[in-house]
Every structure is written in C-alpha cells, then in structure tokens.
Amino acid sequence: QVQLVESGGGLVQVGDSLSVSCAASGRTFSSYVMGWFRQGPGNEREFVAAIGRNGISTLYADSVKGRFTISRDKSKNMIYLQMNSLKPEDTAVYYCAARDNRFVILTARRNDYDYWGQGTQVTVSS
C-alpha cells in the first residue's frame, strides 16, 4: 500500500508556471504507475497525466499536452507536475494517484487508480 501527500498549490496569474509535488510513502514506490488528476468547480475528476514505472513512459490529456510535464524521482519517492502557460480553466484541486503495482499500463481512467492523496488547490486568476 502507498500513501500520497500533495503540496505546492497556490494562486497564480494567467500565463504563469507552477509545480505541484506528491510525496509517496512505501519502499515499493518505484513499482507503481503514478498519475495526476484534477477536479474543477462543478466538474468531475479528470485525468491530467500519468508516468510509468521507468519514469520515461508518459501519458497526457489533450488539454494539457505541451504545457504540463509529469516526472518522478525514485530516490526521493516524489512525483512532480510542472505546469506552464496556465489558463483559468486549469483551476482545480489536483490529486496524485497510484495504480496497484500489479498493473504496468498507463491509463487515463480514474477507476484504474487505487490510492489517492488529499489534493492541493491550484487557482489561475485572470
């Protein structure tokens, strides 16, 4: 099992950059596919990005492709989401998630992720 804690959210202006982080507990962290999701006001939780066990394979939602970058640091048990050229529609609570370590495929489906953090708020002001 893995526990996830997000940090780094805040209030930024349109066009700004922001990085959010996720600290994961557990010695088997490197065996989990990891993802970022977000939930904006009045919206369902949606996929943002995922990264494979090797830290090389990545998957992005079309809405963030080219602007956001997901990465992981196995030595620190950390996942990062670098967000550039932020837009008002990026305003949301951002959640870190992990798939059960039996699975290796990157997926955008919320129900495929078994462990979740508490979320961190990102607000983009125009």
Side-chain angles (χ1 to χ4, degrees):
Q1 190 164 350
V2 61
Q3 293 182 325
L4 306 170
V5 179
E6 302 92 336
S7 61
L11 173 64
V12 296
Q13 301 295 314
V14 170
D16 282 353
S17 296
L18 185 68
S19 181
V20 291
S21 303
C22 173
S25 66
R27 292 182 292 178
T28 59
F29 165 74
S30 62
S31 66
Y32 290 89
V33 168
M34 302 295 298
W36 284 99
F37 288 74
R38 68 186 181 186
Q39 187 166 12
N43 296 332
E44 293 188 354
R45 194 170 299 188
E46 64 176 6
F47 172 76
V48 176
I51 189 165
R53 296 176 172 184
N54 58 12
I56 299 174
S57 303
T58 57
L59 179 67
Y60 293 96
D62 288 343
S63 59
V64 307
K65 200 172 295 183
R67 298 189 299 124
F68 289 12
T69 302
I70 188 172
S71 61
R72 69 192 300 165
D73 186 334
K74 294 180 181 180
S75 66
K76 297 181 179 179
N77 280 12
M78 294 290 294
I79 296 291
Y80 306 99
L81 185 69
Q82 175 66 41
M83 302 180 288
N84 299 329
S85 303
L86 282 161
K87 306 175 182 180
E89 51 264 42
D90 294 319
T91 294
V93 177
Y94 282 73
Y95 296 91
C96 178
R99 290 199 79 187
D100 186 283
N101 60 5
R102 292 172 295 170
F103 304 107
V104 300
I105 301 299
L106 275 64
T107 172
R109 298 203 315 169
R110 183 179 61 188
N111 290 343
D112 287 342
Y113 291 80
D114 303 283
Y115 307 104
W116 294 84
Q118 83 291 346
T120 185
Q121 176 71 47
V122 172
T123 303
V124 184
S125 174
S126 57

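These numbers come from a predicted model, not from an experiment.
Going from atom CD of Q39 over to atom CD of E46 covers 9.5 Å, rounded to the nearest 0.5 Å. Taken to the nearest 0.5 Å, the OG1 atom of T120 stands 10.5 Å off from the OH atom of Y94. Rounding to the nearest 0.5 Å gives a distance of 5.5 Å between OG of S30 and NZ of K74. How far OG of S21 is from CD1 of I79: 10.0 Å, rounded to the nearest 0.5 Å.
Inter-residue side-chain proximity for S17 and N84 is flagged as met; some heavy-atom pair is nearer than 4.5 Å. Residues V12 and M83 are not in side-chain contact: their nearest non-hydrogen atoms beyond the backbone lie 4.5 Å or more apart. Residues P88 and V14 form a side-chain contact, since some pair of their non-hydrogen atoms from C-beta on lies under 4.5 Å apart.
Judged by distance alone, with hydrogens and angles left aside, the side-chain atoms of R45 form no donor-acceptor pair with the main-chain N or O of V93 at under 3.5 Å. Between the side chain of D100 and the backbone N or O of D114 there is no donor-acceptor pair closer than 3.5 Å. Q118 places no side-chain N or O within 3.5 Å of a backbone atom of V5 that could act as its donor or acceptor partner. Between the side chain of R67 and the main chain of S85, a donor-acceptor pair closer than 3.5 Å is present.
Within 6.0 Å of CD in Q3 there are 12 or fewer heavy atoms belonging to other residues, nucleotides or ligands. No more than 12 heavy atoms of other residues, nucleotides or ligands lie within 6.0 Å of NZ in K76, so this atom counts as exposed by the packing criterion. Within 6.0 Å of CD in E89 there are more than 12 heavy atoms belonging to other residues, nucleotides or ligands.
Each of V124 and L11 belongs to its own hydrophobic cluster when Ile, Leu, Val, Met, Phe, Trp and Tyr are linked at side-chain heavy-atom distances under 4.5 angstrom. Criterion: ILVMFWY side-chain heavy atoms under 4.5 Å apart, direct or through other members. Under it, V48 and Y115 are part of a common hydrophobic cluster. Note: the hydrophobic cluster containing L4 does not contain V33 (ILVMFWY, side chain heavy atoms under 4.5 Å, direct or indirect links).
No salt bridge links K87 with D90; every basic N to acidic carboxylate O contact stays at or beyond 4.0 Å.
When each of V122, L81, T123 is checked for a side chain to side chain contact (heavy atoms under 4.5 Å, CB included) with L18, only V122 meets the rule. Screening Y80, W36, Y95 for a side chain to side chain contact (heavy atoms under 4.5 Å, CB included) with V20, the sole residue that qualifies is W36.
In this structure, the ring pair (Phe, Tyr, Trp, His ring centres under 6.0 Å) partners of F37, at least two apart in sequence or on a different chain, are F47, Y113, W116.
What you find for T69 and Y60 is that their closest heavy atoms are CA-OH, 3.3 Å. Contact record, G52 with R72: O-NH1, 2.8 Å, taken as the closest heavy-atom pair. Summarising the geometry of R53 relative to S31, their closest heavy-atom pair is NE-O, 2.8 Å, with the distance given to 0.1 Å.
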Could you give the side-chain donor-acceptor pairs of residues 103-111 under 3.5 Å, partners two or more places apart or in another chain?
{"from": "T107", "atom 1": "OG1", "to": "R109", "atom 2": "N", "distance (Å)": "3.1"}
{"from": "T107", "atom 1": "OG1", "to": "D112", "atom 2": "OD2", "distance (Å)": "2.7"}
{"from": "R109", "atom 1": "NE", "to": "D112", "atom 2": "OD2", "distance (Å)": "3.1"}
{"from": "R109", "atom 1": "NH2", "to": "D112", "atom 2": "OD1", "distance (Å)": "3.0"}

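Listed by first and then second residue, the disulfide bond (SG atoms under 2.5 Å apart) pairs involving residues 70-126 are C22-C96 (not counting sequence neighbours).
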